[in-house]
Undergrad: 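Have a look at the structure that comes next, please.
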Amino acid sequence: METSDIIPSRPFDDLSAEDWLARVADRNLIDGDLTPGPATLDVMEPAQMRRLAGTPASGEDEVAAAVGAARAALPHWATTNARQRGRLLAKAAREITACSEAIARLLARETGKALATECRGELAVAADLLEFYGGLAPELKGETVPFDPSVFATTTREPLGVVAAIVPWNVPLVLTMLKIAPALVAGNTVVVKASEEAPFATLACAVILNRFLPAGVVNVIVGEGPSCGTALTAHPDVAKITFTGSEAAGRKVYGEGAKRIVPVSLELGGKSPMIVCGDAELDRAVAGAIAGMRFTRQGQSCTAASRIYVHASLYDAFVSDLCGRLETLRIGDPLDEATDVGTIINTRQKATIERYVKLAEASPGARILRLGTLPEPGPVAPDLFMQPTLILDLPADNPAACEEIFGPVCVISKWDDYEEVLAAANASPYGLAATVWTDSLSTALDATRRLNAGYVQVNQNLTIQPNLSYGGFGVSGLGKEATLEAMLENFTRKKTIVFAM
Ligand code: NAD
């Protein structure tokens with residue numbers, strides 16, 4: 001493979017979004033080099049409905065090169081002092097922060113997410129995750145085990161080897177860092193399979209990491225799931241697969257892991273319930289619904305609170321207040337500072353979302369409320385913008401009410417029986433997140449104990465936090481992300497060592 005551009009050792013903070021794009025377009029990042037791929041896939045700028053740039057359609061050869069580089073870098077990285085590994089990640093975090101405005105603009109262009117409400121925050125969380133895990137390096141500890149006095153028994157934590165990290169397009173930087181920061185601190189080397197829909201901000205951050213880490217420790221390849229993703233999960237030198245994406249692809253990835261008996265963690269979809277009780281504070285619950293549904297991310301979130309159950313006594317006020325606030329969200333150019341809501345990622349995803357809305361419309365008595373104003377053609381192409389949409393009076397078995405839509409569409413139902421609403425909330429194969437809104441401590445305690453979800457919150461709707469364990473039950477996934485526990489469980493293996501004295 002031809003090597004195009006050795007990564008320089010000077011800071012990048014003078015680069016604009018366009019400079020970054022020129023650097024990472026049509027490139028993989030393998031063994032410290034930005035290397036052209038074999039053929040080009042088009043990455044669109046959804047708010048303009050035009051090609052932003054090309055990205056490689058990597059296949060087996062690129063996977064082999066990236067895994068080979070990661071494997072070659074492993075012995076040195078795995079034996080580097082853990083605190084030193086952590087310090088290098090913290091340095092990269094500081095430089096990502098220094099470059100964050102340009103990379104956030106690039107992220108806004110490739111994903112269609114608004115710069116002001118989404119992309120700047122995503123850069124901040126990505127840097128925070130590197131810093132957080134950098135500081136956890138000294139916690140890679142083993143144990144001493146009480147045993148017979150003639151024996152000294154201990155455990156150690158070892159890196160697994162080459163980690164394959166496969167990520168989607170909706171929050172690509174945060175989801176990448178959630179995987180690679182703990183993997184790297186634990187002494188593994190990584191190959192990231194970036195999303196072919198939005199690879200550039202991820203490549204830019206990886207270029208920054210490569211300024212501080214030895215070549216081959218972090219590699220990023222781009223390509224389509226069935227070809228590039230499958231080649232990566234099937235590669236015999238990959239020791240661990242960590243995947244975030246759809247349930248369908250997750251099942252295939254799990255199958256590949258099973259063939260070679262390598263550990264697999266999966267963060268998949270969701271249809272998360274939000275239960276608003278009659279004694280909830282209305283204002284707070286409505287604000288929580290907007291935050292929880294991730295309306296400023298066009299609802300393209302696995303944890304989106306897309307099933308809202310409101311007690312009959314609050315229902316009318318809740319719906320009316322929510323409609324009023326959604327009307328004020330400004331939908332438009334992702335790069336405009338005044339924009340709250342950008343675009344759906346692509347035409348296929350928008351068609352999927354609209355298909356669910358049509359299925360709801362076909363249900364007798366269902367009401368569909370589309371809120372806010374779509375932008376006029378001109379500064380943007382209007383095709384992929386979509387209004388926040390509420391669906392009322394929909395039976396629970398309608399596909400829009402029970403399947404993941406991954407768009408700005410939320411189903412709101414009225415309830416008056418606590419046992420029934422808990423049963424409805426739990427009647428889903430997913431179990432990613434849930435919230436309950438109440439003034440009563442005993443209701444909150446009871447509901448949090450009984451809700452079948454991995455991340456349950458009361459009177460708030462926080463996103464992923466580095467020090468709160470995150471991961472789904474049921475078909476929402478396997479294993480946890482964030483926290484020290486995730487680093488130890490996902491990215492190390494425990495060895496027992498017993499000495500006879
Ligand atoms: P997707 O499954 O189509 O793709 C995700 C990634 O997997 C991409 O990089 C893709 O190229 C790759 N891929 C696809 N098929 C593959 C295969 N057979 N083998 C290996 N890799 C493969 O998902 P998407 O459309 O990019 O993202 C949306 C989905 O991601 C939604 O279902 C959403 O719920 C889920 N998601 C989950 C979380 C979470 O933390 N639980 C977070 C964000 C998104």
Side-chain angles (χ1 to χ4, degrees), residues 41 43 55-60 63 110-111 113 122 125 164-179 191-199 202-203 220-235 238 241-259 264-272 294 297-306 344-353 403-407 428-433 453-455 463-465 468-482 486:
L41 301 168
V43 177
T55 197
S58 305
E60 282 182 13
V63 166
E110 65 182 339
T111 59
K113 297 194 296 183
E122 180 163 354
V125 177
I166 302 178
V167 286
W169 44 263
N170 63 327
V171 212
L173 294 183
V174 168
L175 299 176
T176 299
M177 295 309 171
L178 266 177
K179 299 179 182 318
V191 177
V192 177
K193 209 299 276 170
S195 168
E196 60 276 33
E197 305 285 342
T202 307
L203 278 159
V220 178
I221 51 175
V222 193
E224 292 178 306
S227 45
C228 181
T230 306
L232 181 58
T233 53
H235 196 289
V238 165
I241 305 166
T242 167
F243 172 86
T244 297
S246 61
E247 187 193 328
R251 286 181 194 276
K252 292 185 182 145
V253 168
Y254 198 23
E256 287 297 335
K259 281 186 203 160
V264 177
S265 4
L266 301 172
E267 291 291 347
L268 309 177
K271 188 80 179 176
S272 298
R294 313 278 189 264
R297 198 186 298 156
Q298 299 78 256
Q300 298 171 135
S301 163
C302 49
T303 33
S306 51
I344 305 301
I345 186 75
N346 58 31
T347 315
R348 193 182 59 237
Q349 183 66 16
K350 183 155 183 224
T352 302
I353 301 167
E403 294 176 15
E404 183 181 54
I405 298 178
F406 220 63
S428 169
Y430 292 115
L432 193 51
Y455 195 35
T463 56
I464 295 174
Q465 305 292 312
L468 294 178
S469 183
Y470 174 82
F473 296 165
V475 298
S476 289
L478 281 180
K480 297 290 180 189
E481 291 198 315

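On a predicted model such as this, the values are computed, not experimentally measured, just so you know. The analysis underlying the following values was restricted to heavy atoms, covering all of them including side chains, and did not include hydrogens, waters or symmetry mates. Indexing begins at 1, ligand by ligand and atom by atom, following the structure's order.
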Undergrad: Test side-chain contact (heavy atoms from CB on, under 4.5 Å) on L41 and E224 and set out the steps.
TA: CA-CA 9 Å; L41 301 168; E224 292 178 306; 3.9 Å; yes
Undergrad: Under 3.5 Å, is there a donor-acceptor pair between the R294 and T303 side chains?
TA: yes
Undergrad: Test side chain to side chain donor-acceptor pair (under 3.5 Å) on K179 and T244; report intermediate values, then the result.
TA: CA-CA 9 Å; K179 299 179 182 318; T244 297; 2.8 Å; yes
Undergrad: Could you go through ligand 1 and note, for every N or O atom, any protein N or O atom closer than 3.5 angstrom, writing the atom names and distance to 0.1 Å, or 'none'?
TA:
{"unit_1": "ligand 1", "atom_1": "2 (O)", "unit_2": "S246", "atom_2": "N", "d": "2.8"}
{"unit_1": "ligand 1", "atom_1": "2 (O)", "unit_2": "S246", "atom_2": "OG", "d": "2.6"}
{"unit_1": "ligand 1", "atom_1": "9 (O)", "unit_2": "V167", "atom_2": "O", "d": "2.7"}
{"unit_1": "ligand 1", "atom_1": "9 (O)", "unit_2": "K193", "atom_2": "NZ", "d": "3.0"}
{"unit_1": "ligand 1", "atom_1": "11 (O)", "unit_2": "K193", "atom_2": "NZ", "d": "2.7"}
{"unit_1": "ligand 1", "atom_1": "11 (O)", "unit_2": "E196", "atom_2": "OE1", "d": "2.8"}
{"unit_1": "ligand 1", "atom_1": "11 (O)", "unit_2": "E196", "atom_2": "OE2", "d": "3.3"}
{"unit_1": "ligand 1", "atom_1": "11 (O)", "unit_2": "G225", "atom_2": "N", "d": "3.3"}
{"unit_1": "ligand 1", "atom_1": "23 (O)", "unit_2": "S246", "atom_2": "N", "d": "3.4"}
{"unit_1": "ligand 1", "atom_1": "25 (O)", "unit_2": "W169", "atom_2": "NE1", "d": "3.1"}
{"unit_1": "ligand 1", "atom_1": "26 (O)", "unit_2": "W169", "atom_2": "NE1", "d": "3.1"}
{"unit_1": "ligand 1", "atom_1": "30 (O)", "unit_2": "G245", "atom_2": "O", "d": "3.4"}
{"unit_1": "ligand 1", "atom_1": "32 (O)", "unit_2": "E404", "atom_2": "OE1", "d": "2.8"}
{"unit_1": "ligand 1", "atom_1": "34 (O)", "unit_2": "E404", "atom_2": "OE1", "d": "3.3"}
{"unit_1": "ligand 1", "atom_1": "34 (O)", "unit_2": "E404", "atom_2": "OE2", "d": "2.6"}
{"unit_1": "ligand 1", "atom_1": "40 (O)", "unit_2": "Y470", "atom_2": "OH", "d": "3.4"}
{"unit_1": "ligand 1", "atom_1": "41 (N)", "unit_2": "L268", "atom_2": "N", "d": "3.4"}
{"unit_1": "ligand 1", "atom_1": "41 (N)", "unit_2": "L268", "atom_2": "O", "d": "2.6"}

Undergrad: Give the intermediate values and the outcome of side-chain contact (heavy atoms from CB on, under 4.5 Å) for residues Y470 and L432.
TA: CA-CA 8 Å; Y470 174 82; L432 193 51; 3.7 Å; yes
Undergrad: Heavy atoms, side chains only, cut-off 4.5 Å: are S476 and E247 in contact?
TA: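 Side-chain contact under 4.5 Å: no.
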Undergrad: I'd like to know whether OH of Y254 has more than 12 heavy-atom contacts from other residues, nucleotides or ligands below 6.0 angstrom.
TA: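 Check fails, neighbour count at 12 or below.
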